[in-house]
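See structure below.
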Amino acid sequence: MRLFVSEGAPGSLPVLAAAGRAQGRAELLVSTVDPEECVVPFLTWPKVPVLQLDSGNYLFSTSAICRYFFLLSGWEQDDLTNQWLEWEATELQPALSAALYYLVVQGKKGEDVLGPVRRALTHIDHSLSRRSCPFLAGDTESLADIVLWGALYPLLQDPAYLPEELGALHSWFQTLSSQEPCQRAAETVLKQQGVMALRPYLQKQPQPGSFEGRAVSNEPEEEELATLSEEEISMAVTAWEKGLGSLPPLRPQQNPVLPVAGERNVLITSALPYVNNVPHLGNIIGCVLSADVFARYSRLRQWNTLYLCGTDEYGTATETKAMEEGLTPQEICDKYHAIHADIYCWFNISFDIFGRTTTPQQTKITQDIFQRLLTRGFVLQDTVEQLRCERCARFLADRFVEGVCPFCGYEEARGDQCDKCGKLINAIELKKPQCKVCRSCPVVKSSQHLFLDLPKLEKRLEEWLGKTLPGSDWTPNARFIIRSWLRDGLKPRCITRDLKWGTPVPLEGFEDKVFYVWFDATIGYLSITANYTDQWERWWKNPEQVNLYQFMAKDNVPFHGLVFPCSALGAEDNYTLVSHLIATEYLNYEDGKFSKSRGVGVFGDMAQDTGIPADIWRFYLLYIRPEGQDSAFSWTDMLLKNNSELLNNLGNFINRAGMFVSKFFGGYVPEMVLTSDDRRLLAHVTLELQHYHQLLEKVRIREALRSILTISRHGNQYIQVNEPWKRIKGSEADRQRAGTVTGLAVNIAALLSVMLQPYMPTVSTTIQAQLQVPPPACSILLTDFLCTLPAGHQIGTVSPLFQKLENDQIESLRQRFGGGQAKTPPTPAEAMAAAAPQQIQVLMDEVTKQGNIVRELKAQKADKNQVAAEVAKLLDLKKQLALAEGKPLETPKGKKKK
């Protein structure tokens, strides 16, 4: 392995400290490079630190590199550490970057520097004090401690910026700073210059704007508001006073929705779900729900938006399901298409079109693209060795073969792709293959097939990616997956199968074959649009005017970011290609995986039977949306988020604001005479609203939801501090103050109703009905906070928005959907079952290395105690590897007594 670091680059501090902690576990070469040197070949900008693995892969996230070193040293992951890492990235870093910039570049001192980070430092101190633990995640040092220490060290090594009153923070920082790996890291990066060593790096960074503190806890009393300029306050007040008059006219409704020249035309797709499966919560958040939030947001922005999805209906999966249920493939498609449509309707997914792929248009468009590829020399013919099940008397499609992955050893790999390591597989490469239908061992037979010549299209793809990726909102995992494919070199991929249920191949000699679903499934977006309007080409052959956003889980990235673009580029017909590829990681269920057969997890058709409204499900799934790393659905956490964030925070504020209008002012919004504090609140709400827009424009859906909750907390604090229920009983001035506070609060509630619309559309509509929000204000969301409920506006009847979830109710649901897992919750170590491929490879290398040590000691007839100690290490490594690969642990075999 090779670690690239740079003097004066802040991220180099924690990775060097983490590398020092893992010293001796693997061979590591540390190279100090210039900050401007591009060490990652597929990045167009310089990036350090970077870890180049022995496999050739690169890690260039500071926390990811640190995590890798900690895993090498035997550390086990835990949820609390992951929460700290998310907080460090989203809350601490923006504050710290501003503080360091003010200190090093602008030469500011004292409170000007400490102000932006004071609340974050207080949060760390309170957390350490509350838990009575020396470290952030418990009694022992964790990944979180090193990452946060490395981030804070340049500032806090100067005692002037380590407040004495924060005793727990002080102790924690000194403990870590005294450790040898941390000391060596500081000497390497700061070179005895202290924080000024960062000057060359910080001078190249953009000047931070007016720093806006983010929420670090759910406790209202810990909220502190950002420092604002007079100009920001003045602009917010001016926008507020314009009110409804500043709203633009609503876009006229089109049917069908078609691109309009000069407007922002947004085309949104969700990955097409397989028709033969009922979607579980992970499927819903990964594709349709995430896309629905962005589609609703796009419409609020008055962008010309078309959102489409449909069921993917061809292939062996459908044939097999039809055999199981004694139906024809078409009957299966009809049955499950209706099930999918009902589920998405219940979840309030706002498709403009929800279609299907078993249509004449699908055949016509797929065959046209194929013919264009064929005539341009991008289709090859070759003989394929395939698995044939003699018992079922047919060739087996890849997804209906299971076996051991030839790359990582995962025992349930499919014939086309391993879900564990993510690599594509040819079915005949599987070890110990089995037919999924009858469980017999298939035999290898030859068959003539067609291939898409991806190597010949690789240069076109590279050129297109070079133009598309810079400035786009492709998620990091999507970029990484595509680049890893290209790094390994593209290979021809078979595009036909020996099936009956599929799009026919229009070529002599191939009449008995159909197109492989991964070739024509993505063409389903085009055919679904063609069934919606005969002017479909205005969307799909119009790259100059159309912005295409595609939503999916990460396993679908190769087909959308590589296979379909290659097909479209080779067809040379000016197709619209993906501008922004949005891929989530995986959502797990509690500490395991969703499994319909084992009764584990909540599936779409079950959610509506729980008695929990669809909007609560939407909120929680979006709150835990797996952005950046896998996340897990937890019944306990769902209860906590419902009762704290929705009931006690959001619902409490909106209900109080409306009730004050009804109870104290007869249902009419009172006159508002703004004080300086009120004007500052307008500016704070405006800044948070603008942050919400910035996040959603970048499709950072989970983070934008936090902005809604932050505004609600500000509103609760505002009411609590001003106590309108007391002032209404006082003097004329007090009553006027109560009116202003109530009027401003109910306008914040109206704003929240619109911000909520992409996330909780039914709750949004309910709030707007209760407050009688004027229709134009319900359909447009500007970047400014407007007074939409002026003095004299009459509201409707106000009632509570949310209900408390009870422990016994949740426990009953946990048991109901727990399957076998409910009885034996996995240990924290067993949660490593979802380990990344790189982690598995590291452990495999460690097992090999330790095995060699044991063999050498035995060969040398070393001391028995020494051998026993090394054997114990080997067994522990094997245990970690088994857990990481998701294999059951073997019971140790003891020696038989004579």
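This one's a predicted model, so the numbers in the text were calculated from it and none came from an experiment.
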* State, to 0.1 Å, how close Leu752 and Ile711 come at their nearest heavy-atom pair, and which atoms those are. => CD2-CG2, 3.7 Å
* Structure fact -> Note: Ser579 and Thr468 closest approach over all heavy atoms is O-CG2, 3.9 Å
* Donor-acceptor pair, Asp125 side chain versus Ala168 backbone, under 3.5 Å? -> yes
* Check: Asn643 side chain, Asn648 main-chain N or O, donor-acceptor pair, under 3.5 Å -> no
Can you find a pair of side-chain heavy atoms, one from [X] and one from [Y], that are under 4.5 Å apart?
{"X": "Leu709", "Y": "Tyr623", "result": "yes"}
{"X": "Ser298", "Y": "Ile268", "result": "yes"}
{"X": "Leu682", "Y": "Met235", "result": "no"}
{"X": "Trp149", "Y": "Pro14", "result": "no"}
{"X": "Ile65", "Y": "Tyr68", "result": "no"}
{"X": "Thr62", "Y": "Pro49", "result": "yes"}
{"X": "Ser707", "Y": "Leu695", "result": "yes"}
{"X": "Thr122", "Y": "Arg118", "result": "yes"}

* Structure fact -> From the list Leu128, Leu80, Thr81, side chain to side chain contact (heavy atoms under 4.5 Å, CB included) partner of Leu136 resolves to Leu128
Taking 4.0 angstrom as the limit, do [X] and [Y] come out as a salt bridge?
{"X": "Arg119", "Y": "Glu91", "result": "no"}
{"X": "Glu627", "Y": "Arg700", "result": "no"}
{"X": "Glu703", "Y": "Lys698", "result": "no"}

Are [Y] and [X] an aromatic pair, judged by ring center distance below 6.0 Å?
{"X": "Trp172", "Y": "Phe135", "result": "no"}
{"X": "Phe619", "Y": "Tyr759", "result": "no"}
{"X": "Tyr58", "Y": "Phe480", "result": "no"}

* Tyr201 atom OH: more than 12 heavy-atom contacts under 6.0 Å -> no
* Trp303 and Tyr297 aromatic ring geometry - parallel, tilted or perpendicular at 30°/60° bounds -> perpendicular
* Stepwise, does the side chain to side chain donor-acceptor pair (under 3.5 Å) test hold for Trp84 with Asp145? -> CA-CA 9 Å; Trp84 274 114; Asp145 297 289; over 6 Å; no
* To do: Examine Lys108 relative to Tyr102 and say whether NZ or CZ is less than 6.0 Å from the centre of the six-membered ring and inside a 45° cone about the ring axis.
  => yes
